[in-house]
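In what follows, a single structure is set out as structure tokens and then discussed.
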Amino acid sequence: MAITVKTADGATHQIEPGTSAVQCLKAAGQMNKRIIAAKINDRAVDLSAPLTEDCSVAPIAMESPEGLEVIRHSSAHLMAQAVKRLFPETQVTIGPVIDNGFYYDFSRKEPFTPEDLERIESTMREIIKADYPVTREEWPRDQAVDFFREQGEHYKVEIINGIPEPNVSLYRQGEFVDLCRGPHVPSTGRIPAVKLTSLAGAYWRGDSRNEMLQRVYGTAWASKSDLEAYLKRIEEAKQRDHRRLGQQLDLFSLHPIAPGSPFFHPKGAVVYNLLVQYMRSLYARYGYTEVVTPLIYKTELWKTSGHYDAFRDDMFLMKLDDDEYGVKPMNCPGHCYLFATRKYSYRDLPVRFADFSRLHRFEPSGTLAGLTRVRSMAQDDAHIYCTPDQMDAELEHFVALTREVYETFGFQRVDVSVQTRPEKFLGRVELWDAAEAALQRVAERTGYPVTVLPGEGAFYGPKIGFDFRDVLERSWTLATVQIDCAMPERFQLEYVTSEGSVATPVMLHRAVLGSLERFIAILLEHTAGHLPLWLAPVHARVLTLTERTESYGREVVELLRQAELRAELDDRNEKLGYKIREAQLQKVPYMVVVGDREAADRMVAPRQSSGGTMDPMSLDTFVKHLKAEAVPGRSI
RNA sequence: GCCCGUGUAGCUCAGUUGGCAGAGCGCCGCACUUGUAAUGCGAAGGUCGUCGGUUCGAUUCCGACCGCGGGCUCCA
């Protein structure tokens, strides 16, 4: 009895049941050497998978997203086989596909060395050359458990014990057998380009109480040239690493005397302060009031807020006299005290307390990284206290502010996530449910794609995160808004309602840029150091041609400064080409050449770092041009 | 905090059978007076991350600690 198979070209074929996907694709003229797997009814399978009933069949080419996934998964097996050959005492655990590649976690007493990586890679090449067929086998669970137990593969035994099905699938290539769902390439020779990239430690099942395994990362592609292109992209990303740019452009530095606590140099501080100034200008329009609050409090404060229990180990604490004090890691509890200093009527709400205070968190040493993970930072932080009726409008108000900021920076690719109640939480469940519903409503109205991340909320309330995707395709959470389900009650905050009774206000936590440090890091990498003109530490560098134009050069700098433009002078005894090169490398947006010709007519000869020379113009015209352009949102 | 790697001049980096430490750029000085991405010459500059061990002798070998990098865990 034949079955009916539909192929991707729309044709139908009558074939014998048990015919393999590859035979069917061949018969349909859809098979070529780029095809490494197939889809049966949209499910990825091996080329050798039998067709047992009416279905549709489509080829998977190696360069397609699904094809790359197959290649990468097979590469993980390839690596595991090589490791077992070279180091038979090693236990294999799991080896999944990740963005651009794969990894495999191994359990072994002796750590792998970088030299081992080279040996593993060369063994992988041998296995590719041997071109072992990769075959799928279905085994009863118990038999598979016995098999892996005999092999000493205790992690595999643990994995199978967690699988409910009566049968499991194993894949065999040469002497190597691994538990795996598949699908895989038909033979090891079909892996076109693979390279091991790094070594790392990783806890078994991602739990720090478990054994530390050794993770080997690799990358795999449909062709050698794709692999090379990927490695080149990685290399280019390194060139725009904010830590590198921070040093090259003299923006900030980190010193062992204060781990994770950046020193902003004069030029970096310009960027930092301009961001603050920009947010302040928006706050004026959006009805925020800025407050200045203490850095150090008695720890009672965080005992009330609940932070002490959850984050005590991550705070800078000190014992003085008979009291314990702490440096604040966040502003919210302080703002609650501020709110409680007077009695608010419903007519006064909402109040929006903005605070650019520095915050200190004793982050674990292993997590510190440049400006993206620090112990000392500031946020464009604010807390909003409002009535329950005002909550939706306040959330919308925040979204509008966020949208305006993103437009100014030209951030277009944004996703929204709704993060719900975690296992450990404070406050009443009914408050949480209402808050999550409100966030869901607002998230959907933003027009950005929305995903829900269950259990990812803060311990005191659910949140929305706005994730921005940068030019390097990395996703960063910038803005967040959280509804607090715990603190208003714990701090016994109140306002007087229209009926004259007292009620608990709703409290929102929110930031648009997030940490200023991290925002600067992201902006630097996104723009490769070419900050928009309004944020550039130096708008223009005046380059004198000879000693004869020094005094005119000084005059030009002075005039630019009087116009509140950031200008500096390069009057060194060097050739123009040299000065240009240096200003270009410093990514100064405008260079202003002043030679005898310009000095004679009180002109300047500007040059843009982005686009070469401009026609000479009067000093006045140049100032006007710069003033008009150095405005948030005008230049991106 | 855990795993691996790493730490030499302001910056980028050389420096293995363990024997007084090197280059380029920059800084400083001198000459040149320069027209859109590197002018030439000269001089200065280093407790080789810190502490301890092995050794006649340690930048080099070993250990601990600190910092940094790549990951893991965490991220109010």
Side-chain angles (χ1 to χ4, degrees), chain A residues 98 103 105 108 111-114 116-117 197-217 238 241 243-244 247-248 250 253-260 302 305-315 328-333 359 361-370 372-375 379 381 422 424 426 456-461 463 477 480 482 484 486-487 509 515 518 543-550 572-586 591-598 605-609 612-614 616:
Chain A
I98 52 173
Y103 67 77
D105 285 347
R108 177 166 179 257
F112 290 121
T113 65
D116 291 338
L117 233 57
T197 51
S198 63
L199 274 169
Y203 298 109
W204 168 238
R205 300 222 144 129
D207 190 325
S208 57
R209 289 168 300 193
N210 289 341
E211 187 201 349
M212 175 70 72
L213 305 171
Q214 294 184 62
R215 178 170 296 180
V216 181
Y217 283 93
K238 276 189 196 155
D241 186 303
R243 288 164 294 201
R244 185 187 168 95
Q247 187 184 57
Q248 281 172 354
D250 196 18
S253 59
L254 287 149
H255 196 280
I257 202 66
W302 299 293
S305 70
H307 288 95
Y308 194 79
D309 281 341
F311 295 106
R312 178 180 15 192
D313 292 344
D314 306 315
M315 288 175 64
K328 71 173 164 188
M330 85 296 295
N331 291 312
C332 32
L359 306 174
R361 300 178 177 184
F362 191 67
E363 301 284 1
S365 59
T367 64
L368 301 177
T372 53
R373 190 71 185 269
V374 292
R375 286 180 174 161
Q379 298 172 318
D381 198 13
K424 284 190 178 174
L426 297 180
E456 294 291 312
F459 71 86
Y460 50 73
K463 60 182 171 186
T477 297
T480 62
Q482 309 169 5
D484 199 312
M487 268 188 247
H509 306 240
S515 123
R518 208 177 63 117
L543 313 180
T544 56
L545 202 59
T546 68
E547 284 172 359
R548 290 192 301 279
T549 53
E550 259 182 49
R572 288 175 303 172
N573 182 10
E574 295 290 351
K575 295 196 168 191
L576 182 61
Y578 180 89
K579 295 185 182 184
I580 299 233
R581 175 182 158 81
E582 193 147 296
Q584 199 78 39
L585 291 173
Q586 286 293 306
M591 286 153 261
V592 180
V593 177
V594 293
D596 292 330
R597 294 202 296 264
E598 287 74 24
R607 174 194 163 100
Q608 283 178 298
S609 67
T613 57
M614 297 164 72

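Every chain is numbered from 1, with letters handed out A, B, ... down the list of sequences.
- Straight-line distance from the CD atom of A/Q586 to the C1' atom of B/A38: 14 Å, rounded to whole Å.
- Considering only residues two or more places apart in sequence or on other chains, A/E363 meets the side chain to side chain contact (heavy atoms under 4.5 Å, CB included) condition with A/R361, A/T367, A/L368, A/R373, A/R375.
- Here B/C4 presents its P atom at 13 Å from CG of A/L213, a figure rounded to the nearest Å.
- Only the C1' atoms considered, B/C3 is 31 Å distant from B/G18, to the nearest whole Å.
- For the C1' atom pair drawn from B/C75 and B/G22, the interatomic distance equals 45 Å after rounding to whole Å.
- A distance of about 45 Å separates the C1' atoms of B/G57 and B/U73, rounded to the whole Å.
- Spacing between B/G45 and B/C11 at atom C1', rounded to whole Å, works out to 13 Å.
- In this structure A/R244 satisfies the side-chain hydrogen bond (donor to acceptor under 3.5 Å, both in side chains) test together with A/Q239, sequence neighbours excluded.
- The ring pair (Phe, Tyr, Trp, His ring centres under 6.0 Å) check on A/F311 picks up A/F459, with sequence neighbours excluded.
- In RNA chain B, runs of at least 3 consecutive Watson-Crick or G-U pairs, each pair with both distances below 3.5 Å, span B:1-7 with B:66-72, B:10-13 with B:22-25, B:28-31 with B:39-42, B:49-53 with B:61-65.
- Contact between A/M487 and A/C332 at its shortest, heavy atoms only, is CE-SG, 3.8 Å.
- The nearest pair of heavy atoms linking A/E598 to A/G595 is OE1-N, 2.9 Å.
- Spacing between B/A14 and B/C72 at atom C1', rounded to whole Å, works out to 34 Å.
- Legend: residues meeting side chain to side chain contact (heavy atoms under 4.5 Å, CB included) with A/L545, ordered by chain and number and at least two apart, are A/T549, A/L576.
- The gap from the C1' atom of B/C2 to that of B/U59 amounts to 30 Å, rounded to the nearest Å.
- Going from atom OH of A/Y578 over to atom C1' of B/U39 covers 11 Å, rounded to whole Å.
- Heavy atoms of A/A583 sit nowhere under 4.0 angstrom from any nucleic acid atom.
- Between A/R548 atom CZ and B/G35 atom C1' there is a gap of 11 Å when expressed in whole angstrom units.
- Heavy atoms of A/R108 sit nowhere under 4.0 angstrom from any nucleic acid atom.
- One interatomic measurement links the two molecules: CG of A/L117 to P of B/G5, which rounds to 12 Å at whole-angstrom precision.
- With sequence neighbours excluded, the residues that form a side-chain hydrogen bond (donor to acceptor under 3.5 Å, both in side chains) with A/D116 are A/T113.
- Applying the side chain to side chain contact (heavy atoms under 4.5 Å, CB included) criterion to A/T372, with sequence neighbours excluded, gives A/H242, A/A369, A/W476, A/R518, A/A521.
- When all heavy atoms of A/R215 and A/D105 are compared, the closest pair comes out as NE-OD1, 2.7 Å.
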Which parts of nucleotides 65-76 of chain B does protein reach within less than 4.0 Å, heavy atoms only, written one letter per nucleotide 5' to 3' as B for base, S for sugar-phosphate only and - for none? --SSSBBBBBBB

Show the numbers, then the answer: is there a side-chain contact (heavy atoms from CB on, under 4.5 Å) between A/D381 and A/H509? CA-CA 8 Å; A/D381 198 13; A/H509 306 240; 5.6 Å; no

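- The side-chain hydrogen bond (donor to acceptor under 3.5 Å, both in side chains) search around A/E582 returns A/R572, not counting sequence neighbours.
- Take A/R243 and apply the side-chain hydrogen bond (donor to acceptor under 3.5 Å, both in side chains) test, not counting sequence neighbours, and it matches A/D241.
- Look at CD on A/E582: it is 12 Å from C1' on B/C27, rounded to the nearest Å.
- Regarding A/R572, its CZ atom lies at a distance of 14 Å from the P atom of B/A38, rounded to whole Å.
- A distance of about 33 Å separates the P atoms of B/C30 and B/C13, rounded to the whole Å.
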Interface polar pairs with nucleotides 7-10 of chain B, N/O, under 3.5 angstrom:
none

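- Spacing of C1' atoms, B/A38 relative to B/U55, comes out at 48 Å, to the nearest Å.
- A/K328 meets the side chain to side chain contact (heavy atoms under 4.5 Å, CB included) test with A/T293, A/L295, A/Y297, A/W302, A/N331, A/D355, A/S357, A/L359; sequence neighbours excluded.
- What separates CD of A/E574 from C1' of B/U36 is a distance of 15 Å, to the nearest Å.
- The side chain of A/R607 has B/A37 as its nearest neighbour among B/G26, B/G35, B/A37.
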